[in-house]
Each structure stands twice: as structure tokens, then as C-alpha cells.
Amino acid sequence: MSEFNEFDQQGSVPERSTGSIISHAFEMYKGVFLYAIIAMIVYLIFGFVIQTVTGFNSAAIMKDMRESGDYSYNYWNAPGFPLYITLSGLLGLLLSPLYVGLIYMINKYNTKNPIEFSDLFIGYRQNFVNILIYALLSGIISAVAFSLCVFPGFFVYPFLLLGYPILLFENASATDALGKSFNIVKENYGTFLGVTILGFLISMAGVVLCFIGVILTAPFIMAVMYSAYCAYLGKPRQILFNK
């Protein structure tokens with residue numbers, strides 16, 4: 001059971017512009033990036049276990065393609081790939097509450113409330129089923145969009161940007177979160193498109209720093225979600241969770 005604190009709190013709210021939202025997200029991310037790294041390490045460890053169990057080796061396949069110059073390789077023919085995709089999808093669903101936990105921590109940082117390590121797992125105690133359903137729905141939508149030559153995914157994903165914050169701060173159902181996010185974004189699509197593209201570019205910027213860099217930057221998109229929520233729906237009231 002959770003409830004919302006009604007009194008006003010400290011905390012910043014960005015303007016409704018791409019630059020202001022991204023700048024605000026940077027400030028928020030600085031306060032929780034150590035916890036974000038922990039979440040990423042957990043994800044990567046389980047990902048490594050899945051790759052080991054299934055026998056699918058994406059790194060070796062990419063190396064072979066670079067050396068041969070043939071990029072027409074059919075991944076579905078690779079040993080263990082179907083099982084790898086299935087288990088990876090299940091892992092993404094089961095770890096999606098960690099994304100909500102990061103957003104919760106970001107809000108505590110913004111409102112000058114002390115952050116606890118257990119906050120990272122609030123998504124497993126708060127609205128858990130709807131978080132899983134939303135992760136499944138948004139995953140399917142994103143997969144279909146990105147499969148269409150990749151670029152359509154960047155035009156579709158902005159409609160999903162507010163879903164996780166709405167699930168957390170408004171205790172909404174998965175379908176309500178999806179619908180509310182869509183309705184807000186369609187009225188402000190240009191800003192959300194810019195925020196999404198910049199957020200993803202920054203999140204993926206760690207690729208140039210190889211493995212360690214991805215761990216540092218990938219969770220940044222969660223801060224973008226929070227800042228966008230603040231800009232268009234106001235500063236969330238702090239959730240008080242009764243343990």
C-alpha cells in the first residue's frame with residue numbers, strides 16, 4: 001500500500017522545451033548514477049548468464065561479419081539464438097521494475113529526501129503487475145517499430161516516454177499509463193521527439209568508451225523520463241511506502 005504526501009516540497013521543474021528537459025535530466029542523473037550503475041551491472045550479469053546458457057555468442061558473430069565483410073548473416077540460424085531472444089525478453093520484463101526504482105530515486109533526489117538502496121526495488125512492491133504489463137506492451141510496440149528499418153522506432157518511442165513515471169507516481173494501470181502518455185505526447189510531439197532522440201544519443205554515447213561507458217550512460221533515459229514528466233505533469237508528490 002502506498003500513499004502520496006500532500007504538502008509542497010522542494011525540487012526543480014524544467015521548462016517545456018527539449019533543452020531544459022535534457023539539462024534537468026543531467027542534474028537529476030548526477031544524484032543517482034551510482035545506483036544506476038548497480039542496476040546496469042545486475043542486468044548485464046543476468047544477460048551474460050543467459051548468453052552462456054544458450055550458447056549464443058553475438059560478439060563472435062559480429063567479429064566474423066567484420067572480417068568477412070558479409071553482413072547478411074541470418075541470426076535466427078545461429079545456435080541458441082531463438083532461446084536467447086526468449087530468455088532476454090523475459091529478463092527485460094522481470095527487471096523493468098528496476099527502471100521504476102531509478103525514477104523513484106531521482107524524485108527523492110530532486111525533492112531533497114534521503115535515498116536508500118532499497119528504493120531501487122520499489123517497483124517490485126508498488127504496482128508490480130502493471131509495470132510488467134506495460135513493459136510487455138511497450139516492448140512489443142518498440143520491437144515492431146524498430147524492426148521497420150530502425151528509424152520508425154525513434155518516431156514511435158516518444159509516445160512511451162511518460163509511461164513508467166505515470167505508473168509509479170499515479171499508480172495507474174498499464175493501459176491508462178499508455179493512453180495518458182500518448183495523449184500528452186501527441187499534443188507536444190516535437191518536444192518529445194527531440195527529448196527522445198537526445199536522450200537515446202546520450203544513453204548510447206557510452207558505446208565509444210566500450211563496455212564501461214555503456215554502464216555509465218545507458219540508464220540516463222530514465223532521468224529523461226522523469227524530467228519530461230515534471231515538465232508536463234508537474235513535480236510528483238513523494239510516495240510514502242508502508243513497508
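Heavy atoms only: backbone and side chains are in, while hydrogens, waters and symmetry mates are out.
- Looking at Asn127 and Asn130, their side chains do bring a donor and an acceptor atom within 3.5 Å of each other.
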Run the side-chain donor-acceptor check on residues 173-186: report pairs under 3.5 Å with partners two or more places apart or on a different chain.
residue : atom : partner : partner atom : Å
Ser173  : OG   : Thr175  : OG1          : 3.4
Ser173  : OG   : Asp176  : N            : 3.1
Ser173  : OG   : Asp176  : OD2          : 3.1
Lys180  : NZ   : Glu170  : OE1          : 2.7
Lys180  : NZ   : Glu170  : OE2          : 3.1
Ser181  : OG   : Phe159  : O            : 2.6
Ser181  : OG   : Leu162  : N            : 3.3
Asn183  : ND2  : Gly179  : O            : 3.2

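- Among residues two or more places apart in sequence or in another chain, the salt bridge (Lys or Arg N to Asp or Glu O under 4.0 Å) test is passed with Glu15 by none.
- From Ser118, atom OG reaches atom OH of Tyr104 across 8.0 Å, with rounding to the nearest 0.5 Å.
- Considering every non-hydrogen atom in both Tyr226 and Pro165, the closest pair reads N-CG, 4.4 Å.
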Handout entry: Check against ring pair (Phe, Tyr, Trp, His ring centres under 6.0 Å), Phe192 and Tyr232
Key = CA-CA 10 Å; Phe192 277 93; Tyr232 284 90; 4.8 Å; yes
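- Summarising the geometry of Leu102 relative to Ala39, their closest heavy-atom pair is CD1-CB, 4.2 Å, with the distance given to 0.1 Å.
- To the nearest 0.5 angstrom, Ile22 atom CD1 is 10.0 Å from Ser17 atom OG.
- Inter-residue side-chain proximity for Gln126 and Val100 is flagged as unmet; no heavy-atom pair is nearer than 4.5 Å.
- Rounding to the nearest 0.5 angstrom, the gap separating the CD atom in Gln51 from the OG atom in Ser88 is 8.0 Å.
- Note that OG1 of Thr217 is 6.0 Å distant from CE of Met204, once rounded to the nearest 0.5 Å.
- Side chain to side chain, Tyr35 and Asp119 fail the donor-acceptor criterion of an N or O pair below 3.5 Å.
- Partners of Tyr157 according to the ring pair (Phe, Tyr, Trp, His ring centres under 6.0 Å) rule, which considers only residues two or more places apart in sequence or in another chain, are Phe200.
- Under the side chain to side chain donor-acceptor pair (under 3.5 Å) criterion, Ser227 pairs with His24, not counting sequence neighbours.
- Looking only at distances, a side-chain donor or acceptor of Thr18 sits under 3.5 Å from a matching main-chain atom of Thr191.
- Both Met225 and Phe154 are part of a single hydrophobic cluster, where members link through side-chain heavy atoms under 4.5 Å apart.
- In this structure, Ala228 and Leu161 approach most closely via the heavy-atom pair CB-CD2, 4.1 Å.
- With hydrogens and angles ignored, the 3.5 Å screen pairs no side-chain donor or acceptor of Tyr43 with any backbone N or O of Gly92.
- By the rule that hydrophobic residues join a cluster once side-chain heavy atoms approach within less than 4.5 Å of another member, Tyr124 and Ile38 end up as members of one cluster.
- Hydrophobic clustering (ILVMFWY, side-chain heavy atoms < 4.5 Å, transitive): Tyr164 and Ile140 are in distinct clusters.
- Not counting sequence neighbours, the partners of Phe117 by the ring pair (Phe, Tyr, Trp, His ring centres under 6.0 Å) test are Phe121.
- Val144 and Leu160 fall into different hydrophobic clusters, defined by Ile, Leu, Val, Met, Phe, Trp and Tyr side-chain heavy atoms under 4.5 Å apart, directly or through other members.
- A donor-acceptor pair is defined here as one N or O able to donate and one able to accept, closer than 3.5 Å; no such pair exists between the side chain of Lys235 and the backbone of Val13.
- Every residue meeting the ring pair (Phe, Tyr, Trp, His ring centres under 6.0 Å) condition with Phe220, not counting sequence neighbours, appears here in chain and number order: Phe26, Tyr29.
- Heavy-atom contacts from other residues, nucleotides or ligands closer than 6.0 Å to CZ of Phe46 number 12 or fewer.
- Within the 4.5 Å cutoff, side-chain heavy atoms of Ser12 are placed close to those of Asn110.
- Each of Ile103, Leu120, Ile115 was scored for a side chain to side chain contact (heavy atoms under 4.5 Å, CB included) with Val32, with one residue passing: Ile115.
- Both Leu34 and Ile41 are assigned to one and the same hydrophobic cluster, defined by single-linkage of ILVMFWY side chains at heavy-atom distances under 4.5 Å.
- For the atom pair CD1 of Ile21 and OG1 of Thr196, the computed distance is 9.5 Å after rounding to the nearest 0.5 Å.
- Within the 4.5 Å cutoff, no side-chain heavy atoms of Ser23 are placed close to those of Pro14.
- Here the side chain of Ser20 pairs no donor or acceptor atom with the backbone of Arg16 at under 3.5 angstrom.
- In this structure, CG on Leu136 lies 14.0 Å from CD1 on Ile131, to the nearest 0.5 angstrom.
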